[in-house]
Amino acid sequence: MKLELKDISMKFDEITAVDHLNITINEGELVCLLGPSGCGKSTTLFMLAGLYKPSSGELYFGDKLVNHVEPENREIGMVFQNYALYPHMTVLNNIMFPLKMAKMPKKVAQERATEMAKLVQIEHLLDRKPKQLSGGQQQRVAIARALVKKPKLLLLDEPLSNLDARLRLEMREEIRRIQQEVGITTIFVTHDQEEAMSISDRILLMKDGQYQQYSPPQEMYDSPVNAFVGKFMGSPPINMVPVIYNQENSTFAVNGTKESLAISKPLHPPRSSHHQMMLGVRPEDWLIAETNTAESLKARVEIVERIGRDTLLSATIGEHSIRALVSPDMHVQPGDIVHLAIRNHQFHLFDAESEENLLVEHV
Ligand SMILES: Nc1ncnc2c1ncn2[C@@H]1O[C@H](COP(=O)(O)OP(=O)(O)OP(=O)(O)O)[C@@H](O)[C@H]1O
Ligand SMILES: [Mg+2]
């Protein structure tokens, strides 16, 4: 089912939890709502669920306006962070519960519940009670229960946050598999950018109730519309180095140093000299150059850490600290002076004041 949020806002007294949100979610997509704590992710999800009525704006499921449709009539399945399984019921009865409420004959309900248990791979656990299950197994029961009525929309609010790191990885792959197998439109709330990157068709990144960017994960990573998006996506985080623009020779001088970098990309909108910007470079986009060139910056290596297949350098350009992931063949030591160039012109320039990315065209 296709979803449309048209100018949706949600106010709780003075707090604006969601502020004029406009997005379309296509049939069969998995969209992550991503952003820091308190940015309005759960509120947005609860409006989709019908648990909150938007203060203003229109919410469409397909062609149907659903602002005033009650949750039980929305054909949705929902999974919360704490699963909310019924402790005294067996797994089978937990999964069957929504069908029982809908007065489906017991035999058919049992068949349907067993089919769902197979989908989420817990058919061998049907007679157990929730407390006899691991966290991941409980999560699977909750997903089976959410899907048993064959809803048109699956809503998940931080469904993996009670699981340990390894199980989270496994379960996010499972959720993606189940979602694709069923082909159900799914909204997944998380504050974990890596989780969002790994499972979404598209990510909606929010801040203070406001839309920041809505893009496929790789596009959000490669072309963040502003410094907030740039910093939110990626770990270790993007480096931000304050620079001043010189229009005459298209260079950027690093604040407080003699270091400057030639840059050949057009700015949107064009800027005049002396404009303050932030040069954004992801740790993996630095290269150590052989010699000093117009396209490199001199840096002093402070710390060298081997992490798996990469080496993480902490270095300083003047007073500014940066981190670079470089090849382990690079033999550098603390105290060395290196020339840092940028791989394939993979950098961003953010306006120091508005924080907009000056290398992407804003519509
Ligand atoms: N029922 C409520 N009454 C008043 N304020 C609320 C209510 N629910 C949420 N808020 C406020 O609205 C804002 C958004 O909350 P929301 O729960 O949507 O954030 P979130 O992005 O899900 O955060 P988290 O990652 O911590 O779960 C917050 O400032 C929160 O305090
Ligand atoms: Mg929340």
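For ligands, and for the atoms within them, numbers begin at 1 and follow the listed sequence. For clarity, every value in this text was computed on a predicted model and none was experimentally measured.
- Atoms of ligand 1 lying under 4.0 Å from at least one heavy atom of Glu158, given by number and element, are 25 (O).
- Neither the backbone nor the side chain of Met206 comes within contact range of ligand 1; no heavy atom lies under 4.0 Å.
- Remark: Lys6 is positioned above the aromatic ring of Tyr60, its terminal NZ or CZ atom under 6.0 angstrom from the ring centre and at most 45 degrees off the axis.
- At a cut-off of 2.8 Å, Ser42 is counted among the residues with an N, O or S atom near the Mg ion (ligand 2).
- Within a 4.0 Å radius of atom 30 (C) of ligand 1, the protein contributes no heavy atom.
- Counting protein heavy atoms only, atom 11 (C) of ligand 1 is closest to Ile15 CG2, 4.1 Å.
- Looking at heavy atoms from C-beta onward, Ile184 lies in side-chain contact with Leu147 at the 4.5 angstrom threshold.
- The side chain of Tyr52, and not its backbone, has at least one atom closer than 4.0 Å to an atom of ligand 1 (non-hydrogen atoms only; side chain from C-beta on).
- Salt bridge present: Arg140 and Glu170 bring a charged side-chain N and a carboxylate O closer than 4.0 Å.
- Using a 4.0 Å cut-off between charged side-chain N and carboxylate O, Asp201 and Arg176 make a salt bridge.
- Side-chain N/O atoms of Asn226 and Gln212 include a donor and acceptor closer than 3.5 Å.
- For atom 18 (O) of ligand 1, a protein non-hydrogen atom is found at a distance below 4.0 Å.
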